[in-house]
Protein chains: 2
Amino acid sequence: MKKEIDNKLNSKNIKPTAMRELVLQVLIEQKTAISLPQLEHKFEKVDKATLYRTLKTFEKNKLIHSIDDGSGTVKYALCQDTCECMPEELHVHFLCTKCNQTLCLNDFPIPSISLPNNFSLESVNMVVKGVCSNCKK
Amino acid sequence: MKKEIDNKLNSKNIKPTAMRELVLQVLIEQKTAISLPQLEHKFEKVDKATLYRTLKTFEKNKLIHSIDDGSGTVKYALCQDTCECMPEELHVHFLCTKCNQTLCLNDFPIPSISLPNNFSLESVNMVVKGVCSNCKK
DNA sequence: ATTGTTGATGCAACCGGGTTGCAAAGTTAC
DNA sequence: GTAACTTTGCAACCCGGTTGCATCAACAAT
Ligand SMILES: [Mn+2]
Ligand SMILES: [Mn+2]
Ligand SMILES: [Zn+2]
Ligand SMILES: [Zn+2]
């Protein structure tokens, strides 16, 4: 358990502190993307700023990626092991309007798009809203 | 001028008040999407809440649509005359990383996307970041 | 072991966009 | 004119995100 977590941190060149281990633990158990405020609720006593900086560190080191699903709060999810967060590996995100959960559709790459003349593309954010399979039945 | 503006308001069932005429005027002159804070700066003395409610009214009546480009502030742009804001008529939005302006790519419909089994689709937001033609030369 | 350096943490305060309650002013209907 | 309704202005609030600063823990050099 702790071994795996520390390995994961080390593999991304993140020094494994107690706080970071706890946060990564939560992120691993979490099957949907989670926001900073939501993450705060996962601990009974925790400092927002520390969590914030932990997430920023994780993101910078490509352990997690941030997701702007238009809900007003940025969410975070673990990157795939192989992920380098390059534009090619961007995937679609899904926001369920029933359960309000956000998930990575890792198997659904963002379709390529054409742009007007003289526009150049750097990145694309694509968020689909709808009802997830859990809420469907 | 004022005639056209009032016509536009009336055609969307919006009572043409002085404030609304002013705001619509700005929106028409504006070739890129504009946020509430930006809109505030367009007037020397104006109440944020009034602008806010004006935009909400415009949006509800499909005179404008809101754009979440991930910049942290929602932007607004005029709808096409014929627009009913249906999912089919959604278009891609472009955020220029140089000039920071957001624009509607009205001629670029959002590509259709497949979803996992038992997921249903309600709407899609697609924002492309890059460099616009103005900033390119 | 002692010291100095670096990075992580905790706390508090701040910022900015968005939103709401409420009273005053304006508009419309009778 | 009066009553009912709508719009406006002002103030206050909410909340996610961010920063400054002091303290603490880890670690390296001596
Ligand atoms: Mn994802
Ligand atoms: Mn648009
Ligand atoms: Zn759901
Ligand atoms: Zn530009």
Side-chain angles (χ1 to χ4, degrees), chain A residues 2 5-6 9-10 12-27 33-61 63-77 95 100-102 125 127, chain B residues 2 5-6 9-10 12-26 33-61 63-77 95 100-102 127:
Chain A
K2 177 168 181 309
I5 291 193
D6 283 4
L9 289 172
N10 284 321
K12 299 285 185 176
N13 295 308
I14 302 167
K15 204 191 299 181
T17 67
M19 194 70 238
R20 288 167 181 173
E21 287 166 351
L22 287 172
V23 173
L24 180 51
Q25 178 76 51
V26 171
L27 289 172
I34 189 172
S35 68
L36 172 53
Q38 287 169 340
L39 194 52
E40 275 186 83
H41 293 310
K42 293 269 176 181
F43 303 90
E44 33 187 273
K45 187 182 177 308
V46 74
D47 176 52
K48 192 173 51 156
T50 304
L51 280 183
Y52 171 77
R53 287 188 272 235
T54 300
L55 290 174
K56 285 291 181 189
T57 301
F58 284 7
E59 186 183 15
K60 180 153 55 72
N61 293 45
L63 176 56
I64 64 178
H65 61 278
S66 65
I67 306 166
D68 186 341
D69 61 8
S71 67
T73 77
V74 177
K75 301 204 175 87
Y76 299 88
L95 171 58
N100 217 40
Q101 303 217 315
T102 300
N125 182 30
V127 177
Chain B
K2 176 167 182 309
I5 292 195
D6 284 5
L9 289 172
N10 284 320
K12 300 283 184 175
N13 295 308
I14 302 167
K15 204 189 303 178
T17 67
M19 193 71 238
R20 288 167 180 173
E21 287 165 351
L22 286 173
V23 173
L24 180 50
Q25 178 75 52
V26 171
I34 188 171
S35 68
L36 171 53
Q38 287 169 341
L39 194 52
E40 277 186 82
H41 293 310
K42 294 268 176 181
F43 303 90
E44 34 187 272
K45 186 181 178 308
V46 75
D47 176 51
K48 191 172 55 156
T50 304
L51 280 183
Y52 171 77
R53 287 187 272 235
T54 300
L55 289 173
K56 285 290 181 191
T57 301
F58 284 6
E59 187 182 15
K60 180 153 56 71
N61 293 47
L63 176 56
I64 63 178
H65 61 280
S66 64
I67 306 166
D68 186 342
D69 61 8
S71 67
T73 77
V74 178
K75 301 204 175 88
Y76 299 88
L95 170 59
N100 218 39
Q101 303 216 316
T102 301
V127 177

The residue, A/T17 or B/G72, whose nearest nucleotide of DNA chain C is more 5′ is A/T17

Are the side chain of A/N61 and the backbone N or O of A/N13 linked by a donor-acceptor pair below 3.5 Å? yes

Using a 4.0 Å heavy-atom cut-off, does B/K56 contact any base of the nucleic acid, only the sugar-phosphate backbone, or nothing at all?
sugar-phosphate

note: A/L51, atom CG; C/dA8, atom C1'; distance rounded to Å ~ 13 Å

note: B/E40, atom CD; D/dT8, atom P; distance rounded to Å ~ 15 Å

5'-most contact on DNA chain D (nearest-nucleotide basis), A/P37 vs B/T54, goes to B/T54

- When all nucleic acid strands are considered with a 4.0 Å heavy-atom cut-off, which category describes A/R20: base, sugar-phosphate, or nothing? sugar-phosphate

(message) With a 4.0 Å limit, can you tell me whether B/Y52 has a side-chain N or O closer than that to the phosphate oxygens OP1/OP2 of C/dG18?
(response) no

- With respect to the phosphate group of D/dG9, does any side-chain polar atom (N or O) of B/T50 fall under 4.0 Å of OP1 or OP2? yes

Note: A/L9 and A/L63 closest approach over all heavy atoms is CD2-CD2, 3.9 Å

Between the CG atom in A/L95 and the NZ atom in A/K75, the distance rounded to the nearest 0.5 Å is 5.5 Å

Rounding to 0.5 Å, atoms OG1 (A/T102) and CD1 (A/I34) come to a distance of 11.0 Å

In whole angstroms, the gap separating P of D/dG20 from NZ of A/K48 amounts to 15 Å

Please tell me if the side chains of A/K12 and A/F58 come closer than 4.5 Å, counting only heavy atoms from C-beta onward. no

Does B/T73 reach a base, just sugar-phosphate, or nothing at all? Heavy atoms under 4.0 Å.
sugar-phosphate

**Message:** Over all strands shown, is B/K15 touching base, sugar-phosphate only, or nothing at heavy-atom distances under 4.0 angstrom?
**Reply:** sugar-phosphate

In whole angstroms, the gap separating P of D/dA25 from CE of A/M19 amounts to 15 Å

Out of C/dG18, C/dT20, C/dC11, minimum distance to the side chain of B/L36 belongs to C/dG18

Atom CD of B/E21 and atom P of C/dG26 are separated, to the nearest Å, by 16 Å

Exercise for review: Please evaluate the base of D/dG17 for a donor-acceptor partner in the side chain of A/R53 within a cut-off of under 3.5 Å?
Suggested key: no

In whole angstroms, the gap separating C1' of C/dG18 from CG of B/D68 amounts to 13 Å

Any base atoms under 4.0 Å from B/K45, or only sugar-phosphate, or nothing? Heavy atoms, all strands.
sugar-phosphate

In whole angstroms, the gap separating C1' of C/dG7 from CD1 of A/I14 amounts to 14 Å

Here the distance between atom C1' of D/dT18 and atom NZ of A/K60, to the nearest Å, is 16 Å

